[in-house]
Amino acid sequence: MKYGTPVVLTGLGAFLTLLAAAFAQDTLFAQHMGLICAVLAIATVVLLRMENFKTAPKSADLQLEYMDTVIRYGVIATAFWGVVGFLVGVVAASQLAWPELNFGPYLNFGRIRPLHTSAVIFAFGGTALVTAAFYIVQRTCRARLWGGGLPWFVFWGYQLFIFMAATGYLLGITQGKEYAEPEWYVDLWLTIVWVAFLLVFLGTIVKRKEPHIYVANWFFLSFIVTVAMLHVVNGLSMPVSLLGTKSYSAFAGVQDALTQWWYGHNAVGFFLTAGFLGMMYYFVPKQANRPIYSYRLSIIHFWGLIFLYIWAGPHHLHYTALPDWAQTLGMVFSVMLWMPSWGGMINGLMTLQGAWDKVRTDPVLRMMIISLAFYGMSTFEGPMMSIKTVNSLSHYTDWTIGHVHSGALGWNGMITFGALYFLTPRLWGRAQLYSPRMVNWHFWLATLGIVVYAAVMWVSGITQGLMWREYDAQGYLVYSFAESIEAMHPYYVMRVVGGLLYLAGAIVMAYNLTMTILGKVRDEEPFASESTFNPASDKPLAPAE
C-alpha cells in the first residue's frame with residue numbers, strides 16, 4: 001500500500017481526537033477537537049480513495065530524481081494562504097475604520113487580528129519557507145530530500161497546524177502572546193512537525209553530492225534551529241488539564257514580557273529575515289543569471305546577523321519595568337544590526353552589477369529587487385525606532401504598524417512572489433509564465449499598496465504620538481484618547497485602500513500561476529528584450545531586417 005502509513009496515522013489521529021472531544025473538560029476543547037477530528041477523518045477517506053491496492057513496480061531511478069511533487073503542493077498552498085491572509089487583513093483594517101463591521105463573537109477584531117497575523121506570517125510565509133527550503137536544498141546539494149515520506153509529513157503536518165491555530169483563534173482559544181497565540185496542544189504538534197523539518201533538511205545536507213554547503217542553506221538551517229529554540233522556550237507552560245484548552249505560562253511578570261519579546265523579535269529576525277534571506281541568496285542570482293556579488297560578504301552577513309539579532313528583543317520594552325541596562329542592551333544591539341543587514345541588501349543589489357538592464361525587461365527580477373529595497377529600508381527604520389528618544393514617540397502607535405507592514409509586505413511578500421513566479425514554470429515544465437505583463441501589474445499594485453499603507457500609518461502614528469503627549473499650560477493632556485482615535489479615521493480608511501491594492505495584486509498572481517500550471521500562454525506583446533532594446537540610449541533600436 002502506497003499510502004498505508006499515512007492512512008494509519010490520519011485514522012488514528014481522527015480516533016484520538018474523537019476521544020478527546022468526547023471526554024473534554026471544557027466546551028471549547030470539545031469543539032476544537034471535533035473540528036480537527038473531522039479534518040483527519042476526511043483526510044483518511046481521501047487517502048483510501050487514492051490508494052491503489054495493486055502492487056506497483058518500484059522505480060530503480062527514484063532516488064536519482066528530485067522530490068518535487070511536495071514542492072508543487074507548497075507553491076499552490078503558499079499562493080492560497082497569501083490571498084486568504086491578505087483578505088483577512090483587509091477585513092481587520094475595515095473593522096478599525098468602521099467598527100460596525102465587527103460581528104461577534106467569532107468575527108470580531110480581537111479574533112480576526114491574530115488570524116490575520118498568523119495567516120500571513122505562518123501560513124503564507126511559513127509555507128513559502130518550507131517550500132523554498134525543500135527546493136533549494138535539493139538543487140544546491142544535488143541530492144533528493146532525505147526521509148522517504150517525511151517531507152510529506154512536514155508539509156501536511158504544517159498545514160494541519162495552520163488549521164488548528166486558525167480555528168482556535170476564531171473559537172477564542174489563545175495564550176494571548178504576540179505571534180505565539182496557539183495553546184499548548186497546538187504548540188506540541190508544531191514542535192513535532194518542526195523537528196521533522198529539521199531532520200529532513202539536515203539529512204539532505206548530510207547525504208549531499210556537492211561538497212560545498214551554499215550560503216542559502218546556512219540561513220535556512222539557522223532559521224530552523226533558532227525558531228525551534230524560540231518556540232519551545234516561549235511556549236513552556238503547564239496545562240490545567242490534558243483534555244482542556246487552558247494553560248499557564250512558566251514565566252510571569254517582567255520575566256514573561258522579556259521572554260515574549262526575546263521570542264517575538266527573533267521570530268522577526270530568524271523566521272521573517274534569515275529564512276527569507278536564504279530565498280534571496282538563491283533566487284536573485286538564479287533569476288538574474290549572475291553569481292552572487294560577494295560570497296565573502298554573504299558569510300560576514302550571516303555571522304553578523306545571527307550573533308547580533310538574538311540580543312535585540314528588549315527594545316520592545318523601553319520605559320517598562322524591565323531593568324534599564326537590559327533596555328539599553330537591546331537598543332545597542334539593534335543599532336548594530338543595521339550594518340550586517342545592509343551588507344546583505346548591498347550584496348543582493350550588487351549581484352546585478354553589469355546587468356541592471358534586466359530589471360527593465362524582467363518583472364520577476366524587478367519584484368525581487370524591490371524586496372531588497374524594502375529590506376534595506378526596514379532594517380534602517382527598525383534600529384532607528386529602537387533608540388529610546390525615538391521610541392518614546394513611536395511605541396504603541398501606528399508608526400510601528402507601518403514599519404512592520406513595510407517590512408512584511410515589501411520584503412517578505414515581494415521576495416515570496418518572485419520565488420513563486422520563478423518556481424511555477426520550472427516545476428510544471430512550462431516554457432514561460434502565462435502572462436509576464438500580469439506580473440508587471442502585480443508589481444505595481446503591490447508596490448503602490450505598500451506605499452499607501454506605510455505612508456498613512458507613518459503619518460497617523462506620528463500624529464498619535466504627538467497628540468498623546470501634548471500638555472497645556474496647567475499640565476493637563478490637551479487631547480483625550482477618544483479624540484486621538486477620531487483623528488485616525490481618514491488614515492484608517494486609506495489603510496484599507498492600500499490593503500485592497502495589495503490584495504488585488506495577489507489575486508492577479510494567483511490567476512497567473514493557475515493558468516501557468518494549466519499550460520496556458522496569454523497572447524500579449526512581449527517586454528522589450530536585450531536584442532531590441534539598447535539600455536545605454538533608452539531608445540528602441542530598429543528591428544533586424
Closest non-hydrogen atom pair between Met279 and Ile136, with its separation: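 Met279 and Ile136 have their closest heavy atoms at CA-CD1, 4.2 Å.
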Can you name the closest pair of heavy atoms from Thr389 and Tyr319 and give their distance? N-OH, 4.2 Å
Verify the ring-centre separation between [Y] and [X]: is it less than 6.0 angstrom?
X: Phe333; Y: Trp311; result: yes
X: Tyr396; Y: Trp468; result: no
X: His265; Y: Tyr309; result: yes
X: Phe270; Y: Phe223; result: no
X: Phe302; Y: Phe219; result: yes
X: Phe134; Y: Phe155; result: no

Does the side chain of [X] reach to within under 4.5 Å of the side chain of [Y], using non-hydrogen atoms?
X: Phe103; Y: Asn108; value: no
X: Lys177; Y: Asp256; value: yes
X: Val496; Y: Trp98; value: yes
X: Arg366; Y: Asn440; value: yes
X: Val70; Y: Thr131; value: no
X: Phe380; Y: Met377; value: no
X: Phe271; Y: Tyr179; value: no
X: Trp428; Y: Val75; value: yes

Please work out whether the ring planes of [X] and [Y] are parallel, tilted or perpendicular, with thresholds of 30° and 60°.
X: Trp303; Y: Trp218; value: perpendicular
X: Tyr434; Y: Tyr511; value: perpendicular
X: Phe86; Y: Phe124; value: perpendicular
X: Phe201; Y: Phe197; value: perpendicular

Quick check for you: to the nearest 0.5 Å, what is the distance between [X] atom [atom1] and [Y] atom [atom2]?
X: Glu181; Y: Arg113; atom1: CD; atom2: CZ; value: 7.5 Å
X: Ile162; Y: Thr167; atom1: CD1; atom2: OG1; value: 11.5 Å
X: Ser294; Y: His301; atom1: OG; atom2: NE2; value: 12.0 Å
X: Ile450; Y: Trp411; atom1: CD1; atom2: CH2; value: 13.0 Å

Distance only, no hydrogens: is a donor on one side chain within 3.5 Å (strictly under) of an acceptor on the other, for Asn412 and Tyr375? no
Please list, chain by chain and in numerical order, all residues satisfying salt bridge (charged side-chain N to carboxylate O under 4.0 Å, His left out) with Arg139, sequence neighbours excluded. Asp68
Answer yes or no: does atom CH2 of Trp444 have more than 12 heavy-atom neighbours from other residues, nucleotides or ligands under 6.0 Å?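 Open.
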Might you confirm whether atom NZ of Lys520 has over 12 heavy atoms from other residues, nucleotides or ligands at distances under 6.0 Å?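 Open.
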Residue from Asn512, Leu427, Thr424 passing side chain to side chain contact (heavy atoms under 4.5 Å, CB included) with Ile517: Thr424
My understanding is that only one of Val193, Val200, Ile224, Val154 makes a side chain to side chain contact (heavy atoms under 4.5 Å, CB included) with Val130; could you say which? Val154
Checking side-chain hydrogen bond (donor to acceptor under 3.5 Å, both in side chains) for the pair Tyr169/Ser118: CA distance, chi angles, key distance, verdict? CA-CA 10 Å; Tyr169 299 152; Ser118 289; 2.7 Å; yes
Derivation and outcome, side chain to side chain contact (heavy atoms under 4.5 Å, CB included), residues Trp458 and Asp398: CA-CA 7 Å; Trp458 288 332; Asp398 288 336; over 6 Å; no
Can you see whether Tyr491 has Arg495 sitting over its ring - NZ or CZ less than 6.0 Å from the centre and within 45° of the normal?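 The answer is no, since Arg495 fails at least one limit relative to Tyr491.
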